[in-house]
Each structure stands twice: as C-alpha cells, then as structure tokens.
Amino acid sequence: MTEKKKHNVFLKGPITPAYIADSIAKHSGKTNIGAHDIFLGQVRNDLIDDKAVIAIDYSAYDEMAEQKFHEIREAAFAKYNLVCMHIYHSLGLVKAGEICLFVFVSSKHRNDAFDACREIVEQIKAEVPIWGKEIFADESHVWKENR
Amino acid sequence: MTEKKKHNVFLKGPITPAYIADSIAKHSGKTNIGAHDIFLGQVRNDLIDDKAVIAIDYSAYDEMAEQKFHEIREAAFAKYNLVCMHIYHSLGLVKAGEICLFVFVSSKHRNDAFDACREIVEQIKAEVPIWGKEIFADESHVWKENR
Amino acid sequence: MEINLLVFGQLADITGKTELRISDVKNTDELNKKLAEQYPKWPAIKYRLAVNKKIVQDNTLLNDNDMVALLPPFSGG
Amino acid sequence: MEINLLVFGQLADITGKTELRISDVKNTDELNKKLAEQYPKWPAIKYRLAVNKKIVQDNTLLNDNDMVALLPPFSGG
C-alpha cells in the first residue's frame with residue numbers, strides 16, 4: 001500500500017505544531033508503517049550586519065514549484081520503499097521560531113525513511129523555485145540564499 | 001545555547017501526536033534553531049506465521065537504560081553541534097499504529113540534526129536494554145529482536 | 001512578438017514588478033541584454049531563466065506568448 | 001554469598017520471575033551453568049550479562065549482593 005495522491009504543498013503562513021500533530025495522527029491507520037522521519041525547517045533570528053532577522057517572507061513561482069515537488073515526490077517513490085510522503089512549505093510571512101518546511105516520510109523500515117527524507121530536503125533547497133526575504137525589525141530586508 | 005538537562009525518557013503507553021506537538025511548540029522560543037529532525041517509531045502489524053501483531057508490550061532494565069540514554073545523549077552533544085535533543089520511549093502496551101519512540105534533534109544547520117538523529121536511533125536500538133513482546137490477537141506472543 | 005516575463009526575489013526589487021510584457025526579443029540572450037539596458041541597477045547576481053517552466057542553460061529561441069521567468073538563487077526550506 | 005538476579009524478556013518467560021536471589025556462584029560462568037541446570041527449557045538464545053549495570057564479556061568474579069542482569073537481544077525503538 002503506497003499513497004501517492006497529490007496535495008497542495010504550499011500553506012499560507014507558518015506551519016503549526018497542531019498541523020504536524022494532525023498529520024502524524026492520520027498515519028495511525030497505516031499499520032504497515034514502522035518508521036517516520038520528519039524534517040522541520042524553522043526560521044532563525046540570524047544576525048546580519050548586526051541586525052536580527054525577525055521573519056522570512058516566502059514567495060514562489062507556484063506552478064513551476066508544484067511541478068518540481070511532484071518530480072521530487074515521484075523520484076523518491078521510485079527510488080525508496082516508502083509507504084507515504086508529505087511535503088508542506090510556507091508562503092508569506094513566517095516569524096523567527098516558526099516552522100516553514102515540513103517533510104514527512106514514512107516507510108516500513110527506518111533506512112528508507114531516513115535516506116529519502118534527507119534527499120528530499122536537499123532537493124527542495126536546490127531545485128524548487130522558492131525565495132525567502134529576510135526581514136529586519138527596521139523593515140529593511142535581504143534575500144536569503146541557500147548553501 | 002545548548003540544553004542538556006536530563007528528563008525521563010520512558011513514558012507509559014503510546015506517545016501521542018499531541019505530546020509531539022507540545023514538544024515541537026516548546027522550541028519556538030529557541031530562535032537559534034534552523035532544523036529539527038524527528039524520528040518516530042510506530043508499531044507495525046507484522047504477520048508472523050500468519051498471525052498479525054496487534055500490540056507490543058515494552059519492558060526495560062530501567063536503571064541501565066537511563067544510564068545508556070544519558071551516554072548516548074552526551075556523546076551526541078560532544079560530536080555534533082546541537083541546540084537540543086530529546087528522546088522518549090514507551091513502556092507497556094503500544095498498539096499497532098501507535099508510536100513507541102520519539103527522537104527529536106535540533107540544530108542550527110540541518111546536517112547536524114540529520115546525522116545525530118540517525119546515529120541516536122541506531123544506538124538506541126543496539127545498546128539500550130529494552131525488550132518488545134509482540135502480542136497476537138489470540139494472546140500468544142513472540143519476543144521481537146532488532147536487526 | 002511579445003513574451004510574458006515573471007520576475008522573482010531580488011530581481012523583482014529592481015524591476016518593481018513581478019509580471020512584465022517584453023516585446024521584440026528573439027531569444028534569451030537578447031532578453032538578458034535588454035533587461036541590463038532597461039535597468040541600470042541590474043545586479044551582478046546570477047540568475048537562471050525558465051522558459052515555459054523549464055530551466056534553460058543555453059541561448060534559447062523565444063516564441064510569441066512564451067512564459068519566461070527570471071530565477072535568482074533559490075532559498076526555500 | 002548471594003547475588004541478585006534480574007531476568008528480562010524471553011528469559012523471564014522461562015524463569016517465571018523477573019527477580020531472583022542466587023546463592024553460591026563465584027563467577028558468571030558458574031551462574032550460567034547453574035541456570036542451565038535449574039531450567040530444563042533454558043533456551044539456545046544468546047544473552048549477555050550485566051554486572052552492576054555494566055555488560056561483561058568474559059568470566060567475571062561475583063561479590064555478595066552484586067546485581068546481575070540477564071539481557072536477551074534488545075528490541076527497543
């Protein structure tokens with residue numbers, strides 16, 4: 001039993017702990033799952049030229065991003081023995097301390113979940129057209145760049 | 001800022017999604033965290049000689065286990081650049097589909113969280129004196145063995 | 001002949017708009033040249049081009065109503 | 001001279017108890033021998049011994065009131 005149905009990746013604003021809990025709870029009926037690996041990206045209050053980041057404003061090239069997410073998803077299901085996988089990413093303002101990325105990979109045995117989750121996170125950062133504008137308290141900003 | 005305070009690893013019965021959500025929410029004040037990696041172990045309804053596992057009953061050599069958890073924790077903080085780490089493991093009955101292990105590792109950058117979380121899970125399975133009795137519907141059982 | 005241009009991230013800070021119509025550019029090299037002429041502050045930052053949602057590496061012919069996107073370095077996640 | 005014995009997992013299925021007092025065993029080899037004599041169903045499964053919470057590999061001297069644990073293969077997680 002594998003589940004590959006598409007869903008919206010983008011969520012408006014931060015991803016809440018309650019949303020994550022709901023998502024975990026939905027997997028209790030899938031009793032062929034033995035391992036979940038969950039990656040959460042959280043906005044840091046980095047200091048840049050002595051100014052602290054208070055939030056990141058995320059924007060994306062939606063249509064291309066959805067297509068990329070779909071490709072990443074298909075590739076992971078082809079490569080690893082997964083039961084299911086969910087990716088959620090914020091759009092709009094996410095404050096420091098809040099969660100902007102939620103990757104949730106489930107498999108029978110742990111190695112598949114661990115390998116796939118990490119690979120998916122790397123692919124999202126490198127291949128998906130999303131941009132984060134780091135906002136400072138004085139309303140100035142810089143554009144973040146993944147490394 | 002790293003947090004190394006000890007807490008009880010063992011929880012009675014399954015680890016609930018609400019418990020996990022609370023734990024995630026508590027990290028929103030730690031704005032030096034950029035990445036969380038969470039591993040969840042879920043009880044599978046494996047078929048063994050045509051009988052399905054309906055639950056696992058966990059027991060442990062508590063004192064030795066707590067000491068091992070402490071060593072695993074110290075080693076991870078020494079080896080990786082972590083902001084915080086939490087490990088929870090169920091004791092007693094956990095039904096198929098419920099969660100029995102929750103490893104939660106947080107760091108500034110993702111590589112530390114990914115590397116440490118996976119290593120910790122492997123160490124828990126190999127080194128901590130915990131036993132799982134797989135229970136069938138007819139009340140018979142077998143003892144699980146990690147591989 | 002006109003194309004649709006989508007502008008993202010720091011490049012949109014410069015154009016002031018996220019969507020533009022650009023006329024009389026036969027290929028992506030001409031488009032890049034035209035943008036650099038039009039925007040004095042066109043930055044030294046690297047960007048990639050996607051034509052109809054596919055990233056293109058080399059100079060690429062453009063057709064009427066193609067959707068071209070300017071993609072500065074990604075920073076999702 | 002007596003030691004405290006903690007028995008876990010499938011071994012406790014055989015002893016029927018998780019805590020025992022065992023007398024007159026000078027070292028871990030003698031303890032293993034005594035257990036195999038006492039429990040006809042003592043299984044072929046491998047187990048390790050912990051003396052005062054430390055796993056021991058080789059034959060180890062036992063002292064009065066030592067806490068010895070019988071540890072079948074772990075299955076946490």
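Since this is a predicted model, take the numbers as computed values, not measurements.
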What residues form a salt bridge (charged side-chain N to carboxylate O under 4.0 Å, His left out) with A:Asp138, not counting sequence neighbours?
A:Lys51
Under the rule for side chain to side chain contact (heavy atoms under 4.5 Å, CB included), what residues qualify as partners of A:Ala65, not counting sequence neighbours?
A:Phe10, A:Phe69, A:Val128, A:Pro129
At a 4.5 Å cut-off on heavy atoms, which part of C:Ala12 comes close to chain A: side chain, backbone, both, or neither?
neither
Heavy-atom distances under 4.5 Å only: say whether C:Leu71 touches chain A with side chain, backbone, both or neither.
both
Counting a contact as any heavy-atom pair under 4.5 Å apart, which residues of residues 100-112 of chain A contact chain C?
A:Cys100, A:Leu101
Tell me which donor-acceptor pairs, judged by distance alone and kept under 3.5 Å, run between chain A and chain C, one pair per line.
| unit_1 | atom_1 | unit_2 | atom_2 | d |
| --- | --- | --- | --- | --- |
| A:His89 | NE2 | C:Gly77 | N | 2.8 |
| A:Ile130 | O | C:Ser75 | N | 2.8 |
| A:Ile130 | O | C:Gly76 | N | 3.4 |
| A:Trp131 | NE1 | C:Pro72 | O | 2.9 |
| A:Trp131 | NE1 | C:Pro73 | O | 3.3 |
| A:Gly132 | N | C:Ser75 | OG | 2.8 |
| A:His141 | NE2 | C:Asp13 | OD2 | 2.8 |
| A:Trp143 | NE1 | C:Asp13 | OD2 | 2.7 |
| A:Lys144 | O | C:Ser75 | OG | 3.0 |
| A:Asn146 | N | C:Phe74 | O | 3.2 |
| A:Asn146 | ND2 | C:Gly76 | O | 2.9 |

